[in-house]
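Here the structure is laid out as structure tokens; the discussion comes afterwards.
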Amino acid sequence: MSGAKKNQPPLKKTKTHHLQSTPSKSIRTFFQPLNSPIPPKNPDTESPIKLPHQTSTSSTSSPSSSSSSTNVVEVKKRISLLKKTPSEFDHSSVAWWKKGEPVPFLFLSLAFDMIKEEKGRNAMSDIGCNVLRTVMHTTPGDLLPVVYLFSNRIAPPYQGLEMGVGKAAVIKTLAEACGRTEKDVKEHYKKLGDLGLVAQASHLSQTLQKSDALTITKVFNTFHLIAKESGKDSQKKKNNLIKSLLHASTDCEPLYLVRLLLKELRIGYAEQTLLSALGQAAVYTEEHSKPPPGIQSPLEEATKIVKQAYSVLPDYDKIISAMLTDGVWLLAKTCNFTPGIPVEPMLSEKITSVSEALNKLRNAELICEYKYDGERAQIHYKENGSVEIYSRSSERNTGKFPDVVAAVSRLKKKNVSSFVLDCEIVAYDRKKQRILPMQVLSTRARKDVAVSNIKVDVCVFPFDLLHLNGQALLEENLKIRRKHLYASFEEESGFLQFSMSLISNDAKEIQKFLDKSVDASCEGLIFKTLDKDSTYQPSERNWLKLKKDYMKTIGDTLDLVPIGAFHGQGKRAGVYGSFLLACYDVDTQEFQTISKTGTGFKDEDLEESSARLRTNLIPKPKACYKHAEKDKPDVWFEASEVWEVKVSDLTISPDYQAAVGKVHSNKGISLRMPRLVRFRPDKAPEQATSSERIAEMYNAQKHNHPDKSKKKN
DNA sequence: CGTGACTGCCC
DNA sequence: ATTCTGC
DNA sequence: GCAGAATGGGCAGTCACG
């Protein structure tokens, strides 16, 4: 594809006033210039360059119209030292601001830009590491916001703080900020595939407005203000806050402001690399603190420790503060699993057959459990009786499930004073004693639900216990955890039922169990070891999952026609990113939209398909294309080819038109998790899967006709 | 007060 | 969620 | 095999606007 291009707006002069808005109290606990026995190499006195942010002592800001643009050149030259191997890097070599002064946002933006250009994760991690060390050295109080911005968040997920700024809002703001129409901005966006690049190319702040240089804390605090804004006129206010940032930004700052707002950093650097860099930065910064004896490679070890700490306590406020006060080597002690704070859930890896499970977990005692189709939940019950429920991504869901709160409180056994339960919450019809589809669960109200007003009942299916009566069980084997699990709760039909499980290493028996799970409206099975390697490993993909649609020969497959496409974003800029697909209704001779798809393509496939279909453009949808007005693709195609798509489910859709009237009077059918399997050059569009067949497939889904799913042996 | 666009979060 | 890709 | 970044349907909640 293409190399990265930069597109930098001309520099503007920035004046130097540090509007210091202190973030929050957490900084108080930060250790000051970390234990640096080595006197800093005279950080500022020697700085040979007059830099934009360095008004030195004179608070009487002179309208220094002097060489501000050359200054940025100098800054960039200097900052390229970040590329040095950490062992050769001098933590005071790149900062152009004084010790104790707020870290300029430009520093982070330029670092992002450098990271983006690197290829290897090691090289990227090194830059990150050097950035963190620089901040630790000059302004440790800024480390927390720097880490948050690096990780593309503004708060731990369970705090529910969201900016509520999306593409549409950014488009609107950009249009206003540079006096263009929204339509204009949208076009530009479609071309570049990245609103950050649009912002950067827009030469914002045309007027030579005297504005203060952005600092990390300014940006971070403004993000928080944006997040907290709500109610009438809140959109306008958010809009203005964003504009104020954009107008104060220079160089590549607009690019990263926008990307941060949209949570799309796109520099190939995310959580795991950051954690690794954090660990390494700590090792270099804590120069006097020797690693514990017996450690061969402190850097790797520190990385492990930080990742481990984060996986059981995913909260940077706590991790950073613990790291700065007690050092990285104590992190395993200072950042423990904490009841009330969610742990990252253990995950599973996809497999495609029972035999694959038996192979991978050879020589270990196996347990299979039904894979229920609901929401993952981690339920924390504390000594004082308070309960919190967290989602798979650590969002606090307690307010959505007051009935679950009641159920676990009621069904825990007497000897249980506190626990953390890992489970699946599933929509459930108690009268018919039947699991209901995910789509039913998703209609449940989410905020401040009252037990008396619940529309969708749920049943909890526990499968693991991470904590019991003040004791962490993470390090115990599954066998032990299960023993505790079963000993700690009573079952109550329709409220709490242990996940259906089978302990077996017998392929035939397991195959039967798999079929049974599907009959019971489940998605398939999860495989785990009971003894060997069976501790609970947060965020690790050490379980296996087998779903019917993963299996090569089984699962629903459809032959569909691409009739439109959407421009790609990010690394897909310049090609289509996804395609609008249709089935064929033989009776009406219509192509009816059924879903989009944008995954399953090799890069090459995507380029070729894009090139091929671009020759087939039509200005308007044909009369025989049945689609909703709502989501029109960027371009329409003549129906010309057939693609095979695999799905996990068919669903009734509010928008898509496939088989409309056949299973629902005015709604069509769509696809859950559609992905391209292969092209079908052997088929003509009219040979695509028919609406009739799609209705059949929908009706064949077990949970749509549960009465017919008689037990079979 | 109803509707539709937008956003975040489930999968 | 699924899938692909570079390291 | 890891980590990151592309991409899917669809729901409730929020806000702007008529």
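Every heavy atom of this structure was used, including side-chain atoms; hydrogens, water molecules and symmetry mates were not. Convention: sequence-line order gives letters A, B, ...; per-chain numbering from 1.
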Indicate, with a heavy-atom threshold strictly under 4.0 Å, whether A:Asn397 touches base, sugar-phosphate, or nothing.
sugar-phosphate
Against the six-membered ring of A:Phe566, is A:Lys596 placed for a cation-pi contact (under 6.0 Å from the centre, within 45° of the normal)?
yes
Which part of the nucleic acid, if any, lies within contact of A:Leu606, taking any heavy atom under 4.0 Å across all strands shown: a base, the sugar-phosphate backbone alone, or nothing?
nothing
When you get a sec, tell me which of D:dG10, D:dA12, B:dC11 is the closest nucleotide to the side chain of A:Arg672?
B:dC11
From B:dC10, D:dC15, D:dC11, pick the nucleotide closest to the side chain of A:Gln235?
D:dC15
pair A:Ile563-A:Trp636: side-chain heavy atoms closer than 4.5 Å:
yes
Measure from the side-chain heavy atoms of A:Pro654 and tell me the nearest of D:dG10, D:dA3, B:dC11.
D:dG10
Return the value, rounded to whole Å, for the distance between atom NE2 of A:His664 and atom P of D:dG10.
12 Å
Parallel, tilted or perpendicular for A:Trp643 and A:Phe679, by the 30°/60° rule?
perpendicular
Any base atoms under 4.0 Å from A:Glu264, or only sugar-phosphate, or nothing? Heavy atoms, all strands.
nothing
Between B:dC10, D:dG9, B:dG8, spot the one nearest the side chain of A:Ser393, thanks.
B:dC10
What does A:Ile652 touch in the nucleic acid at a heavy-atom separation under 4.0 angstrom: a base, only the sugar-phosphate, or nothing?
sugar-phosphate
On the nucleotide D:dG4, are OP1 or OP2 found under 4.0 Å from the side-chain N or O atoms that A:Gln272 carries?
no
Just to confirm, is there a sub-4.0 Å distance from OP1 or OP2 of B:dC10 to any side-chain nitrogen or oxygen of A:Ser391?
yes
Could you point out which residue of A:Ile115, A:Asp126, A:Ile127 forms a side-chain contact (heavy atoms from CB on, under 4.5 Å) with A:Lys83?
A:Ile127
Whole angstrom is fine here: how far is it from NZ in A:Lys232 over to C1' in D:dC17?
11 Å
Would you mind reading off the distance between A:Gln569 atom CD and D:dG4 atom C1', rounded to a whole angstrom?
16 Å
Options B:dC10, D:dA12, D:dT7, nucleotide nearest the side-chain atoms of A:Glu395
B:dC10
Have a look at A:Val647 and say if it touches a base, only the backbone sugar-phosphate, or nothing, with a 4.0 Å heavy-atom cut-off.
nothing
State yes or no: are the ring centers of A:Tyr576 and A:Phe601 separated by less than 6.0 Å?
no
Only one of A:Phe463, A:Tyr428, A:Phe461 passes ring pair (Phe, Tyr, Trp, His ring centres under 6.0 Å) with A:Tyr372, and that residue is A:Phe461
Could you please name the option among B:dT7, D:dG10, D:dG4 that lies closest to any side-chain atom of A:Ala169?
B:dT7
Students often get this wrong, so: under 4.0 angstrom with heavy atoms, is A:Asp649 touching a base, only sugar-phosphate, or nothing?
nothing
Using ring centroids (six-membered ring only for Trp), state whether A:Phe112 and A:Tyr269 fall under 6.0 Å.
no
Separation of A:Leu650 atom CG from D:dG9 atom C1', in whole Å?
12 Å
Taking protein heavy atoms under 4.0 Å as touching, what does nucleotides 1-7 of chain C look like 5' to 3' if B marks base contact, S marks sugar-phosphate-only contact and - marks none?
SBSSSBS
Looking for any heavy atom pair under 4.0 Å, which part of the strands does A:Ile267 touch: base, sugar-phosphate only, or nothing?
sugar-phosphate
Mind checking A:Lys307 for me? I need base, sugar-phosphate or nothing, with any heavy atom below 4.0 Å counting as a touch.
sugar-phosphate
If I take atom CD in residue A:Glu162 and atom P in nucleotide B:dG8, what distance separates them, rounded to the nearest angstrom?
6 Å
Distance below 4.0 Å between A:Tyr656 side-chain N/O and D:dG9 OP1 or OP2
yes
Please report, rounded to the nearest Å, how far the C1' atom of D:dT14 is from the CG atom of A:Asn239.
16 Å
Answer yes or no: is there an ion pair linking A:Lys236 with A:Glu176, defined by an N-O contact shorter than 4.0 Å?
no
Is the phosphate of B:dC9 approached by A:Ser442 (side-chain N or O, under 4.0 Å from OP1 or OP2)?
no
Between atom CG in A:Asp448 and atom C1' in D:dA12, what is the gap in whole Å?
13 Å
Give one of base, sugar-phosphate or nothing for A:Ser230, where a contact means two heavy atoms less than 4.0 Å apart.
sugar-phosphate
Of all the choices, D:dG10, B:dT7, D:dT14, which nucleotide is nearest to the side chain of A:Lys447 once you look at every atom?
D:dT14
Run through A:Leu441, A:Asp373, A:Val426, A:Val440 and flag the one making a side-chain contact (heavy atoms from CB on, under 4.5 Å) with A:Ile435.
A:Val426
To the nearest Å, give me how far apart NZ (A:Lys630) and P (B:dG4) are.
9 Å
